[in-house]
Colleague: 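Structure in structure tokens, see below.
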Protein chains: 2
Amino acid sequence: MKLLVVEDEPKVASFLKQGLEEQDHEITLCNDGKNAIKLAQENQYDVIILDIMIPQMDGLEVAKELRREGNKTPILMLTALGSTDEKVLGLDAGADDYLVKPFEFKELLARLRALSKRNLNNLLEQKILTLNDLELDLNLRVARRGGQTIDLTTKEFSLLEYLIRNKNRVITRTEILEKVWDSGFDSTTNVIDVYINFIRKKIDKDFPTKIIHTMVGMGYIVKSDT
Amino acid sequence: MKLLVVEDEPKVASFLKQGLEEQDHEITLCNDGKNAIKLAQENQYDVIILDIMIPQMDGLEVAKELRREGNKTPILMLTALGSTDEKVLGLDAGADDYLVKPFEFKELLARLRALSKRNLNNLLEQKILTLNDLELDLNLRVARRGGQTIDLTTKEFSLLEYLIRNKNRVITRTEILEKVWDSGFDSTTNVIDVYINFIRKKIDKDFPTKIIHTMVGMGYIVKSDT
DNA sequence: AAAAAAATTAAACTCAAATTAAATTTACTA
DNA sequence: TAGTAAATTTAATTTGAGTTTAATTTTTTT
């Protein structure tokens, strides 16, 4: 696994690095909060091991900031403070697990396994979104339907992804404008209508059952027949 | 949240039930492994709180079995055994978190929050109004009755929604005109009569018991038989 | 039985959405 | 870095589902 270890005490840091590398993990060390955020933004780690007591910005702040940005990387909080209140704060800040020093190394390994497994599942799942016979491949950035591979432009892809992720409920134009075009301002534009039309030509036109449905006066809905 | 608590010690079970219900969670209690699996298969819980020491099939087995089936519900293992080995086993069995008895209740709550947050995104809350056997799905913007899905136009939907939200009392035309058509002025129009007719055709025509009743000289009423 | 109220039907209208084309912006390539 | 292709956006036009009006029939009340 690719791990980011945020820890300022050199002894603990090198202990972790050595132990984890022995288990064939790839470790990046970092000793303050600011850098930790930077690293987490620029790299895709399997788990972030985060000490609470670090310079610049404490671990709680780091966790909060990452979650605020939408970063979903599992965070394992690590700290000497073992009081329940501390744990509560850590978990509420966005940590996924919490381990109190001193700990046994094999417990750390087990928790890492549990955390990474979780994310792995999510990642695997999220690589391909499906809606009935339509597939949206997030890796290849293409759609597939009825054995056919359908190329999509960036905007077409984002729109379709948003629709599928929000299947089974009505999506308003305003909502789409905010989430896919990130501008809730221009209410006069008809880009959405045009793009819905583009997508329909590609994924619905040649098929008897349609994926995208218009709700006049409301917006659009994409639903799976159950 | 909807929680499944798998715990055989009556004292602990009722303590958990009471404490969690005070936080407005919906609790299902279960005291053995076999039933736990059955319940987890048949219901969609936000988190499963799972004791390791339970009759029939221990918690580890339950977790493994659920994961083997592809069940992704977050599992919080709960146990008196605090040794690291136990934790490792639990986490490797597929648990997402681990809490050792005795624990402070607020830590349990924090861990539950952390666990559910992950999954919460996926579960879109079910917004459904019901009146006897009629359902009005606010997400899909459709009605359902007797297993049939009924499409409604925007106006039809708004009107039916207003009627159901104001069930068990007489609604005047003026009121409907104000609230659904937001114009109390035009008193000559008969749109409402026409739309009541539209709705009746869709939701009452094919069913012996009627939902919408006319109160001559007054308006309409929609009532639930109690 | 007459009058009033409501239900029903059909036709007219309206505006939201679909479509098309052209203008503009962005991305790529030589 | 200019030229070109692709993608995105704007704008104009067409279409049709949804809404409304209005006329007719049925039901209810007095």
Side-chain angles (χ1 to χ4, degrees), chain A residues 140-143 149-163 170-207 210-223, chain B residues 140-143 150-163 170-207 210-222:
Chain A
L140 298 171
R141 293 241 137 203
V142 296
T149 298
I150 302 161
D151 287 324
L152 297 165
T153 72
T154 314
K155 270 281 144 62
E156 288 167 355
F157 191 89
S158 314
L159 174 55
L160 186 54
E161 180 181 355
Y162 187 72
L163 291 175
V170 176
I171 317 291
T172 65
R173 276 152 225 275
T174 318
E175 209 179 325
I176 295 174
L177 211 53
E178 270 176 13
K179 297 294 168 54
V180 182
W181 270 263
D182 51 291
S183 83
F185 313 112
D186 189 356
S187 54
T188 60
T189 184
N190 72 329
V191 241
I192 294 160
D193 301 55
V194 175
Y195 265 85
I196 289 284
N197 189 232
F198 287 167
I199 294 180
R200 276 176 166 161
K201 274 188 195 152
K202 291 188 174 179
I203 65 157
D204 267 344
K205 190 159 195 174
D206 306 331
F207 300 86
K210 308 301 178 188
I211 300 271
I212 300 168
H213 307 267
T214 306
M215 305 295 282
V216 178
M218 303 286 342
Y220 298 95
I221 191 170
V222 142
K223 46 186 165 180
Chain B
L140 292 171
R141 293 239 140 204
V142 296
I150 303 162
D151 287 325
L152 297 165
T153 72
T154 312
K155 271 280 145 61
E156 288 167 355
F157 190 89
S158 314
L159 174 55
L160 186 54
E161 181 181 356
Y162 186 73
L163 292 175
V170 177
I171 318 290
T172 66
R173 277 153 226 273
T174 319
E175 205 180 328
I176 295 174
L177 210 54
E178 272 175 12
K179 298 293 170 55
V180 183
W181 269 262
D182 52 294
S183 82
F185 313 110
D186 188 358
S187 54
T188 61
T189 184
N190 71 331
V191 240
I192 294 160
D193 301 56
V194 174
Y195 266 85
I196 289 285
N197 187 233
F198 286 167
I199 294 180
R200 276 177 166 160
K201 272 189 197 154
K202 291 189 175 180
I203 65 158
D204 267 344
K205 188 159 197 175
D206 306 331
F207 300 87
K210 308 301 179 188
I211 301 269
I212 299 167
H213 306 269
T214 306
M215 304 296 282
V216 179
M218 309 256 45
Y220 298 95
I221 190 170
V222 142

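Please read all numbers here as calculations on a predicted model, not as lab measurements. So you know, we letter chains A, B, ... as the sequences are listed, proteins then strands, and number each from 1. These numbers come from the heavy atoms of this one structure, side chains and all, not from hydrogens, waters or symmetry mates.
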Colleague: Please report the distance, rounded to the nearest Å, between NZ in B:Lys155 and C1' in C:dA16.
Modeller: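 It works out to 12 Å between those atoms.
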Colleague: Report yes if some heavy atom in the side chain of A:Val180 is under 4.5 Å from a heavy atom in the side chain of A:Tyr195; otherwise report no.
Modeller: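 The answer is no, as the side chains (C-beta and beyond) never meet within the 4.5 Å cut-off.
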Colleague: Just to confirm, is there a sub-4.0 Å distance from OP1 or OP2 of C:dA18 to any side-chain nitrogen or oxygen of A:Tyr220?
Modeller: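 It does, given that an N or O in the side chain of A:Tyr220 lies less than 4.0 Å from OP1 or OP2 of C:dA18.
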Colleague: NA contact type, A:Thr188, heavy-atom cut-off 4.0 Å: base, sugar-phosphate, or nothing?
Modeller: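 Since no nucleic acid heavy atom lies under 4.0 Å of A:Thr188, the category is nothing.
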Colleague: Among the nucleotides D:dT9, D:dT19, C:dA7, which one has an atom lying closest to any side-chain atom of A:Val191?
Modeller: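 The listed nucleotide nearest to A:Val191's side chain is D:dT9.
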Colleague: Would you say D:dA6 has OP1 or OP2 under 4.0 Å from some side-chain N or O of A:Thr153?
Modeller: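 Looking at the OP1 and OP2 atoms of D:dA6, neither is under 4.0 Å from any side-chain N or O of A:Thr153.
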Colleague: Any base atoms under 4.0 Å from B:Phe157, or only sugar-phosphate, or nothing? Heavy atoms, all strands.
Modeller: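 If one applies the 4.0 Å heavy-atom cut-off, B:Phe157 turns out to touch nothing in the nucleic acid.
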Colleague: Against B:Leu152, only a single residue in B:Leu160, B:Leu159, B:Val142 fulfils side-chain contact (heavy atoms from CB on, under 4.5 Å); can you say which?
Modeller: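 Among B:Leu160, B:Leu159, B:Val142, the one that satisfies the side-chain contact (heavy atoms from CB on, under 4.5 Å) with B:Leu152 is B:Leu160.
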Colleague: Let me know the distance between CZ of A:Phe198 and P of D:dT10, rounded to the nearest Å.
Modeller: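 My rounded result for the distance is 12 Å.
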Colleague: For DNA chain C, whose closest nucleotide is more 5', that of A:Lys201 or that of A:Arg173?
Modeller: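 Between the two, 5'-proximity favours A:Arg173.
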Colleague: Inspect the contact between B:Arg173 and B:Asp193 and indicate whether a charged nitrogen and a carboxylate oxygen are less than 4.0 angstrom apart.
Modeller: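 B:Arg173 and B:Asp193: salt-bridged.
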Colleague: Nearest whole Å is fine: how far is D:dT19 P from B:Ile199 CD1?
Modeller: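 Those two atoms, CD1 and P, are 11 Å apart.
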Colleague: Would the distance check show the side chain of B:Thr154 and the main-chain N or O of A:Met215 forming a donor-acceptor pair, the cut-off being under 3.5 Å?
Modeller: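 No, because the side chain of B:Thr154 does not come within donor-acceptor range (under 3.5 Å) of the backbone of A:Met215.
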Colleague: Can you measure B:Lys210 atom NZ to C:dA7 atom C1' for me and round it to whole angstrom units?
Modeller: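 Rounding to the nearest Å, NZ of B:Lys210 and C1' of C:dA7 are 14 Å apart.
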Colleague: Please report the distance, rounded to the nearest Å, between NE2 in A:His213 and P in C:dA16.
Modeller: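 Spelled out: NE2 on A:His213 to P on C:dA16 is 22 Å.
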Colleague: A:Leu152 CG to D:dT8 P: how many Å, rounded?
Modeller: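 Roughly 10 Å, once rounded to whole Å.
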Colleague: Look at the side-chain N and O atoms of A:Trp181 and state whether any lies under 4.0 Å from the OP1 or OP2 oxygen of D:dT9.
Modeller: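 Yes, such a contact exists.
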Colleague: Give the nucleotide from the list C:dA17, C:dA7, D:dG18 with an atom nearest to the side chain of A:Thr214.
Modeller: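 Output: C:dA17.
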Colleague: Assuming nearest nucleotide by heavy-atom distance, tell me which of A:Asn197 and B:Val216 is located more 5' along DNA chain C.
Modeller: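 Closest to the 5' end, via its nearest nucleotide, is B:Val216.
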Colleague: Rounded to whole Å, please give me the gap between CZ in B:Arg141 and C1' in D:dG18.
Modeller: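 Rounded to the whole Å, the gap is 15 Å.
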Colleague: Report the nucleotide, chosen from C:dT8, D:dT8, C:dT19, that has the shortest atom-to-atom distance to any side-chain atom of A:Asn190.
Modeller: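 When the side chain of A:Asn190 is considered, C:dT19 is the closest of C:dT8, D:dT8, C:dT19.
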Colleague: Keeping B:Asp204 on the side-chain end and B:Ile211 on the backbone end, is there a donor-acceptor pair under 3.5 Å?
Modeller: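 Yes: the side chain of B:Asp204 pairs with the backbone of B:Ile211.
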Colleague: Roughly how many Å is it from CG in B:Asp193 to C1' in C:dA5, rounded to a whole number?
Modeller: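 Checked: the CG to C1' distance equals 9 Å.
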Colleague: Verify the contact: side-chain N or O of B:Thr189 to OP1 or OP2 of D:dT21, cut-off strictly under 4.0 Å; return yes or no.
Modeller: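 Yes, because at least one side-chain N or O of B:Thr189 sits under 4.0 Å from OP1 or OP2 of D:dT21.
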